[in-house]
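The next block holds one structure in the form of structure tokens; read it before the comments.
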Amino acid sequence: MAKQQQTSSYSSGGNIIPTPEEAATFQPQVVAEGGWEKCWEDGVTPWDQGRATPLILHLLDSSSLPLGRTLVPGCGGGHDVVAMANPERFVVGLDISEKALKKANETYGSAPNSMYFAFVKEDVFTWRPDELFDLIFDYVFFCAIELELRPAWAKSMYELLKPDGELITLMYPITDHVGGAPYKVSVSAYEDVLVPLGFKAVSIEENPDSIPTRKGKEMLARWKKIN
Ligand SMILES: C[S@@+](CC[C@H](N)C(=O)[O-])C[C@H]1O[C@@H](n2cnc3c(N)ncnc32)[C@H](O)[C@@H]1O
């Protein structure tokens, strides 16, 4: 039984992270009741690792994360924002939830690198800052939005990224469960909305650093604009 329990949830940074299939059995009700704000208010945040994504740490260690102005859409607790921020990479964490950003600021407001990141309360679908981004890192945001919003998501990624910028999508959850959020994704779900806009996948590979409840359900893709 213990083994079974181990695969259905995993503790990270003090939070229990269930499988995406399991999260999809209870998260939609809270979002339906009061939106993402309610999730954060009620502490129903089964996605929140409570610390930086292991893949981000791996990309940083291997100097394979682009430098420059960086955007994390739907940044939630801000863990990856702070992990990436340094003098050569200013990171903007964007979230629509007041509560999420309050928590992110409480956790990281006095971080030693706080001059290299900012949390902004905006809607990814409408926010268009004057300065575009060299890098956008999307993880557990594409799967959070309704399927009919995916084309709008791709349009936002295109319009927020500089012409020679890079979009990194940690594609998740690649499963066959019903319902959401988190909604199931597939490589073609990203290709279907990104390629028609002029994105090309430079590389698509398994994520070697998945947390246990997400192993085998994630692919790392790097995208560039070809026009
Ligand atoms: C499933 S959570 C994931 C958070 C974070 N990426 C993580 O992995 O911990 C999705 C986040 O996207 C935010 N969000 C949802 N719709 C948004 C929108 N239109 N613009 C900006 N943020 C949004 C929610 O408030 C929530 O914090």
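We count ligands from 1, going down the list as the structure has it; atoms in each ligand are counted the same way. Counting begins at 1 with the first residue of the sequence. Because the structure is a prediction, the values reported are computed rather than measured.
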For Asp134, salt bridge (charged side-chain N to carboxylate O under 4.0 Å, His left out) partners two or more places apart: Lys162
Whether Phe119 and Tyr108 hold their rings parallel, tilted or perpendicular, with breakpoints at 30° and 60°: tilted
Geometric class of the Phe125/Phe141 ring pair [parallel <30°, tilted 30-60°, perpendicular >60°]: tilted
Trace of the side chain to side chain contact (heavy atoms under 4.5 Å, CB included) decision for Met157 with Val124: CA-CA 9 Å; Met157 296 303 106; Val124 172; 3.9 Å; yes
For Ile174, the option from Glu206, Lys184, Met219 that meets side chain to side chain contact (heavy atoms under 4.5 Å, CB included): Met219
When you check ligand 1 against the protein, what N or O pairs turn up below 3.5 Å? List the atom names and distances, or just say none.
unit_1   : atom_1 : unit_2 : atom_2 : d
ligand 1 : 6 (N)  : Gly74  : O      : 2.8
ligand 1 : 6 (N)  : Tyr139 : O      : 3.0
ligand 1 : 19 (N) : Asp123 : OD1    : 3.0
ligand 1 : 20 (N) : Val124 : N      : 3.0
ligand 1 : 22 (N) : Ile96  : N      : 3.2
ligand 1 : 25 (O) : Asp95  : OD1    : 2.6
ligand 1 : 27 (O) : Trp40  : NE1    : 3.0
ligand 1 : 27 (O) : Asp95  : OD1    : 3.4
ligand 1 : 27 (O) : Asp95  : OD2    : 2.7

Neighbour count >12 (heavy atoms, 6.0 Å) for atom CD, Glu98: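 Count not over threshold, so no.
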